[in-house]
Amino acid sequence: MSIDRIIAEAVSKAVARLYNADTPAGEIVPSATRKEFEGNLTVMVFPWVKLARKAPAMVADEIGRWLVENEPAVKACNAVNGFLNIVIEPTYWNAVLSHVLSTENYGITKPTEQSPMVMIEYSSPNTNKPLHLGHVRNNLLGYSLACILEACGNRVVKTNIVNNRGIHICKSMLAWKLWGEGATPESTGKKGDHLVGDFYVLFSKRYSDQVKALVAEGMSEDEAKEKAPLMQQAREMLRLWEQGDKEVYDLWNMMNSWVYSGFDESYRRLGVDFDKIYYESDTYLEGKDKVLEGLEKGVMYRKDDGSVWADLTAEGLDHKLLLRADGTSVYMTQDIGTAKIRFADYPIDRMIYVVGNEQEYHFKVLSILLDRLGFKWGKDLVHFSYGMVELPNGKMKSREGTVVDADDLMAEMVNNARAVSGELGKLDGLSAEEITEICETVGMGALKYFLLKVDPRKNMLFNPEESIDFNGNTGPFIQYTHARIRSVLRRAQADGMTVGDYSAVEPNDREITLIQRLADFPSVVSEAGRQLSPALIANYAYDLCKLYNQFYHDCSILREENADIRSLRLALSEATARTIRTAMSLLGIRVPDRM
């Protein structure tokens, strides 16, 4: 049992005995005592002040005296107004440490067949371009959320919806047909998603030239964008695709297969995966059917041009297009169909969409429409709205070919890790195979940690150089701390040092602080799941590593002559290394044993 739980139950008993009040231990939440006060844990006593009819300081003092007399884990208490600061009996921390070490998968709650099922959608790429930096943050957030929610005891289904149809896909297809000259990934030596992305950029450039020419002839810009020959051809290709035209369909299948292969390669290196992948081409018809069903029920309406809309003014929004005049669907239509299929496939209790904050309107509308169409879970969907990743020179633009490509970014991070690690001498004495493995681990760890340590709801500025640093709040710092601990433990084993009985040892302040932070891990995982915030895990891991390095600096381990004290410190090192590894695994980050 955690020390927080022990204190909560003891306070619950104290309140029952002193004031005849029934306060469940679960409602009592001890917090870490502020540094300027003496104590390890603090409990607020304000909930019992009215019942006791006494001043807050007196209530805190009475509860504190009861704890000292009746709870063996409590050494002393002091009251500061309505706050009770509790000093834990020093040797009791050894029992807490033993609990951490003896608990399999400490901090993790294993789901059961009866656990709630959470589906998390992330990635959601378009098959007209490769993954870029924005996709990287999306994938890392989605994968980490899945790990955290599973660690909180949920059954988790990781899903991806691949946007593999639509006008944007047809733009790449048309460009390849007009100017591709039969190019393939094999003939060009390019990854398939990169090759297709090149044609998307080419289309945009040629289309822009056409629009400029039409404007120069006297058209308005809006009219020119509508009547440009390339746009007309792309729309005709989309209509032919929806009609099942064989030539268009074969081209679509071929180019999408190139992209799928490229995506898979990027996902493997990024370390993310999915339990189920849905494709818009399989779901949009389901969405069209539901929209037409809504039209029959009067939930939607049709305009004179044949397009189908939803009136959302009653909810403070506007009118939303669901089917174009030519019968083709939009993103919203596809999302309605995908939601229907997903809830038919899985008994989902909670649906979380990991999508950037620029789509907040989209998900407000989706929630309303699903509810109107009779899906009981419509109101409860969660849009995990995260901030954009910005660059020092501004925002990324796919159609202009100015994005930070995910594959190039990952390669650059690994190369940077190799350069920095080499300069610091951290690769000395390692084989070529070990160097390759460590540089991949450190480079990818630096990238993931840098993107995940920030509050996901905030926009962030990405700076690759800051992320590869073996000091400060970075992935490599945490990885190096773990490797340092493992090195200490290997040397101890080589010298025949084992962990003996340390129960009678009185830990010093550094050791107590570190043990208390280890004891916090389960509650940090729980809170990260409640807030949907991998950043809480990331910053916990960083704080834990800082505390361990302070302990390592101030407390001798291998040279400690007292065997019992040495046992305590070895046990503390082992528990810290395990917790670092577990915490980082929830972020999808590996930690090496050697660096």
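Below, each value reflects all heavy atoms present in this structure, side chains not excepted, and no hydrogens, waters or symmetry copies.
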Tell me yes or no: between the side chains of [X] and [Y], is some donor less than 3.5 Å from an acceptor?
| X | Y | answer |
| --- | --- | --- |
| T33 | T42 | yes |
| T159 | E121 | no |
| S115 | N154 | no |
| D4 | S523 | no |

Would you confirm whether [X], through its side chain, and [Y], through its main-chain N or O, come within 3.5 Å as a donor-acceptor pair?
| X | Y | value |
| --- | --- | --- |
| N163 | N126 | no |
| S144 | L586 | yes |
| N138 | V354 | yes |
| R578 | L101 | yes |

Of N85, I86, N78, which meets side-chain contact (heavy atoms from CB on, under 4.5 Å) against E38?
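Only match with E38 under side-chain contact (heavy atoms from CB on, under 4.5 Å): N78.
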Between [X] and [Y] (salt bridge meaning N to carboxylate O under 4.0 Å), is one present in this structure?
| X | Y | answer |
| --- | --- | --- |
| R269 | E440 | yes |
| K129 | D193 | no |
| E437 | R590 | yes |
| R581 | D593 | yes |
| E265 | K191 | no |
| D264 | R268 | no |

Who are the side-chain contact (heavy atoms from CB on, under 4.5 Å) partners of N415, not counting sequence neighbours?
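Counting only residues at least two positions away or on another chain, N415 forms no side-chain contact (heavy atoms from CB on, under 4.5 Å).
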May I ask you to check whether [Y] and [X] place their ring centres under 6.0 Å from each other?
| X | Y | result |
| --- | --- | --- |
| Y267 | F274 | yes |
| F384 | Y353 | no |
| F551 | Y548 | yes |
| Y449 | Y542 | no |

Kindly confirm or rule out a cation-pi arrangement of K158 over Y143, judged by NZ or CZ under 6.0 Å from the six-membered ring centre and within 45° of its axis?
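Cation-pi check for K158 and Y143: fails.
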Above 12 or not: heavy atoms from other molecules or residues under 6.0 Å from [atom1] of [X]?
| X | atom1 | answer |
| --- | --- | --- |
| R34 | CZ | no |
| D509 | CG | no |
| E433 | CD | no |

Can you find a heavy atom in the side chain of S421 that is under 4.5 Å from one in the side chain of I438?
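Result no, sub-4.5 Å side-chain heavy-atom pair not found.
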With the side chain counted from C-beta on, respond yes when I589 and Q479 share a heavy-atom pair under 4.5 Å apart, and no when they do not.
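I589 vs Q479: side chains touch.
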